Amino acid sequence: MAKTNSGIYIHIPFCTIKCFYCDYFSTAGYDEDRLPLFFNSLSKEIEFYKDIADNFIFDTIFIGGGTPSIINPKYIENIFNVLSINFDLSHATEITLEINPGEVALENLKTLKNIGVNRLSIGVQSFNNKILHFLTRNHKKRDIFRTIENARKSGFENINCDMIYNIPNQNQSTWKKDLTALIDLDIEHISCYSLVVEQETELYQLVKSKDIKMPDNDNSCYLYKSAQEILGKKGFFQYEVTSWSKRNFECKHNYHYWNIDPCISFGPSAHGFYNGKRYWNVKNIDKYIDFISNERSPVESSERLSDKDIANELLGFGIRTIEGLDLTKIPESKKNDVYFSIQNNLKKWGNFLIYCDQQLKLTKNGFLFADAIAVDLMI
């Protein structure tokens, strides 16, 4: 059986503070004395999967959270050692770690580089101190410059920066200054995300109580289109709805998600996929540790994808990328349903869709409506 290119995701759920808009599983602060127990549990979970490792070619590793960079790098190094004992990592050409500005020292960055991390994803979000304060971020503008400077000193040549738009009181001028500041820092990859009101967040409660009013859709579209224009003029290639990069700096790990490739994931709340089955771990650190200490899998639940599920995921993720969806990947039993859906949606979204030669993709303006189009295409 041919091996499949795959990714590894590791969730480290510790943050300095919990941002009020974030719905990822994380905790503010951590007990230093319990860290060895947590990472020992993470190591044991990795060992649980050693018997399936030979079925995959692991070419990417992504360490997210939380903010894994606030942890002593010795714990990250130990996880790499456990991974290398149980999995073949010789093909892992992209190893990403998430960091926040101002929360990782120069020496720690050097150590992370030396142990194998070769890509950083930095939660910049904005260069405007007032906006950063509104977002409950724990850094200021000056921390962004210092962190990127230290990353370069440490030898990192592949850096992504996350930015947020569609923020209350954010205007075109502020957004343009943010993007220009980032461009001037000569970053390799930029991700732009709309501020979304997720239900299990403090932001949701503030919007619900009308203490905060979110911008309207027209404003969001305007800022998104300005990002396309500004970044495009400066040599950034938009290869996915939220992602721009210099050539050959696309995020390889994210392609695994968009292509519905296998991804083996570890840590509390981590979601993984292999052999046609999605699984997700318990969303609680104590339960996660308890399960593993009792030689039990921390998987809370799982589901095997039907042909319909696979078709819908291919549609939803496939149209997000510039290449679009290769329709030959659709399960044979659902191809007629998918073609019927495409024909119907060409009547509604025809100006934003390109459909020819077994390929379905969005136009540049179609990226604006990717989520809505994906929902309509579902069979």
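In this text, all values refer to a predicted model and were calculated from it rather than measured experimentally.
- Shown here is His271, whose NE2 atom has more than 12 heavy atoms of other residues, nucleotides or ligands within 6.0 Å.
- Residue-environment remark: NZ (Lys335) exceeds the threshold of 12 foreign heavy atoms within 6.0 Å.
- Under a hydrophobic-cluster definition in which Ile, Leu, Val, Met, Phe, Trp and Tyr are linked whenever side-chain heavy atoms come within less than 4.5 Å, directly or via other members, Leu89 and Phe48 are assigned to the same cluster.
- A donor and an acceptor atom, one from each side chain of Asp88 and Ser90, are located under 3.5 Å apart.
- Here Phe38 and Phe14 bring their ring centres to under 6.0 angstrom of each other.
- The shortest side-chain heavy-atom distance between Asn281 and Phe291 does not fall under the 4.5 Å cut-off.
- Judged by distance alone, the side chain of Glu313 and the main-chain N or O of Ile260 form no donor-acceptor pair under 3.5 Å.
- Heavy atoms of other residues, nucleotides or ligands lying less than 6.0 angstrom from OH of Tyr222 number 12 at most.
- Connection of Leu42 to Val82 is established within a shared hydrophobic cluster, with ILVMFWY side chains joined at heavy-atom distances below 4.5 Å, either directly or through further cluster members.
- Between Leu327 and Gln359 the shortest side-chain heavy-atom distance does not fall below 4.5 Å.
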- Item | Trace of the salt bridge (charged side-chain N to carboxylate O under 4.0 Å, His left out) decision for Lys361 with Asp326 | CA-CA 9 Å; Lys361 57 185 179 180; Asp326 177 359; over 6 Å; no
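- Looking only at atom types and distance, the side chain of Asp309 has a donor-acceptor partner in the side chain of Ser306 under 3.5 Å away.
- The shortest distance between side-chain heavy atoms of Pro36 and Tyr75 falls below 4.5 Å.
- In this model, a donor atom of one side chain and an acceptor atom of the other lie less than 3.5 Å apart for Ser209 and Asp211.
- Between Arg278 and Glu303, none of the side-chain N atoms (NZ, or NE/NH1/NH2) sits under 4.0 Å from a carboxylate O, so this pair counts as no salt bridge.
- Contact record, Ile285 with Pro13: CD1-CG, 3.8 Å, taken as the closest heavy-atom pair.
- No option in Tyr49, Tyr274, Phe87 other than Phe87 meets the ring-ring contact (aromatic ring centres under 6.0 Å, His included) test with Phe58.
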In residues 116-124, what donor-acceptor pairs under 3.5 Å come from side-chain atoms, sequence neighbours left out?
{"residue": "Asn118", "atom": "OD1", "partner": "Ile95", "partner atom": "N", "Å": "2.8"}
{"residue": "Asn118", "atom": "ND2", "partner": "Thr93", "partner atom": "O", "Å": "2.9"}
{"residue": "Arg119", "atom": "NH1", "partner": "Thr96", "partner atom": "OG1", "Å": "3.4"}
{"residue": "Ser121", "atom": "OG", "partner": "Asn160", "partner atom": "ND2", "Å": "2.8"}

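- Ring planes of Tyr9 and His11: tilted class, angle from 30 to 60°.
- Around atom CG of Asn336, no more than 12 heavy atoms belonging to other residues, nucleotides or ligands sit under 6.0 Å away.
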(request) Please assess Glu229 against Lys233 for the test salt bridge (charged side-chain N to carboxylate O under 4.0 Å, His left out), listing each intermediate value before the final yes or no. (result) CA-CA 6 Å; Glu229 180 181 354; Lys233 285 182 178 178; 3.2 Å; yes
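- Contact between Ser302 and Lys277 at its shortest, heavy atoms only, is OG-CD, 3.9 Å.
- Contact check for Ile79 versus Phe266: no side-chain heavy atoms found under the 4.5 Å cut-off.
- Heavy-atom neighbours of Asn217 CG from other residues, nucleotides or ligands within 6.0 Å: at or below the threshold of 12.
- Tyr24 and Gly65 get closest at one heavy-atom pair: CB-O, 4.1 Å.
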Practice prompt. Please report the C-alpha distance between His256 and Asp59 in whole Å, then the side-chain angles of each, then the deciding distance to 0.1 Å, and finally whether the side-chain hydrogen bond (donor to acceptor under 3.5 Å, both in side chains) criterion is met.
Written response: CA-CA 10 Å; His256 287 312; Asp59 56 7; 2.7 Å; yes
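- Residue Thr111 holds its OG1 atom at 8.5 Å from CD of Glu77, rounded to the nearest 0.5 Å.
- Phe369 has its ring centre no less than 6.0 Å from the ring centre of Tyr224.
- A single hydrophobic cluster is not seen to contain both Tyr165 and Phe134; linkage of ILVMFWY side chains at heavy-atom distances under 4.5 Å, directly or through other members, places them apart.
- Contact check on Asp143 versus Arg146 returns a salt bridge, with a Lys/Arg side-chain nitrogen under 4.0 Å from an Asp/Glu carboxylate oxygen.
- Interatomic distance, Asn158 CG to Ile187 CD1, rounded to the nearest 0.5 Å: 10.0 Å.
- Checking each of Leu368, Ile354, Ile322, Leu353 against Leu362 for a side chain to side chain contact (heavy atoms under 4.5 Å, CB included) leaves exactly one that passes, namely Leu353.
- Taking the centre of each ring, Phe127 and Phe145 come in below the 6.0 Å mark.
- A 6.0 Å sphere centred on CG of Asp23 holds more than 12 heavy atoms belonging to other residues, nucleotides or ligands.
- You'll find the side chain of Ile230 reaches within 4.5 Å of the side chain of Lys176, heavy atoms only.
- You'll find the side chain of Tyr255 reaches within 4.5 Å of the side chain of Thr321, heavy atoms only.
- Heavy atoms from other residues, nucleotides or ligands lying under 6.0 Å from CG of Asn248 number 12 at most.
- Linking ILVMFWY residues whenever their side-chain heavy atoms come closer than 4.5 Å, directly or via other members, places Ile373 and Leu346 in the same cluster.
- Within the 3.5 Å criterion, the main-chain N or O of Phe25 finds no donor-acceptor partner in the side chain of Ser269.
- A donor-acceptor distance shorter than 3.5 angstrom exists from the side chain of Ser6 to the backbone of Thr4, with no hydrogens or angles considered.
- Taking 4.5 Å as the limit, some side-chain heavy atom of Leu195 sits within range of a side-chain heavy atom of Leu203.
- Grouping the Ile, Leu, Val, Met, Phe, Trp and Tyr side chains by contacts below 4.5 angstrom, directly or via other members, places Val197 apart from Met163.
- With hydrogens and angles left out, the side-chain atoms of Asn128 and Thr174 include no donor and acceptor closer than 3.5 Å.
- By the 4.5 Å heavy-atom criterion applied to side chains, Cys192 and Trp175 are counted as neighbours.
- No donor-acceptor distance shorter than 3.5 angstrom exists from the side chain of Asn166 to the backbone of Asn219, with no hydrogens or angles considered.
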Kindly indicate, with the supporting measurements, whether the criterion side chain to side chain contact (heavy atoms under 4.5 Å, CB included) is fulfilled by Ile148 and Ile144. CA-CA 6 Å; Ile148 292 174; Ile144 301 169; 3.9 Å; yes
Assess whether salt bridge (charged side-chain N to carboxylate O under 4.0 Å, His left out) is satisfied between Lys110 and Glu107, documenting all intermediate values. CA-CA 5 Å; Lys110 289 179 178 178; Glu107 288 307 310; 3.7 Å; yes
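- Going from atom CD1 of Ile164 over to atom OH of Tyr193 covers 10.0 Å, rounded to the nearest 0.5 Å.
- Ser341 contributes no side-chain N or O that, together with a main-chain N or O of Asp337, makes up a donor-acceptor pair within less than 3.5 Å.
- Applying ring-ring contact (aromatic ring centres under 6.0 Å, His included) to His189 and the options Tyr239, Trp244, Phe156 leaves one that passes, Tyr239.
- Residue-environment remark: CD (Glu200) stays at or below the threshold of 12 foreign heavy atoms within 6.0 Å.
- Closest non-hydrogen pair, Ala28 versus Lys18, comes out as CB-N, 4.0 Å.
- Salt bridge annotation for Asp186-Lys234: absent, with no cationic side-chain nitrogen under 4.0 angstrom from a carboxylate oxygen.
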| Candidate pair Asp261 and Lys252, rule salt bridge (charged side-chain N to carboxylate O under 4.0 Å, His left out), full reasoning | CA-CA 11 Å; Asp261 291 336; Lys252 297 176 183 176; over 6 Å; no
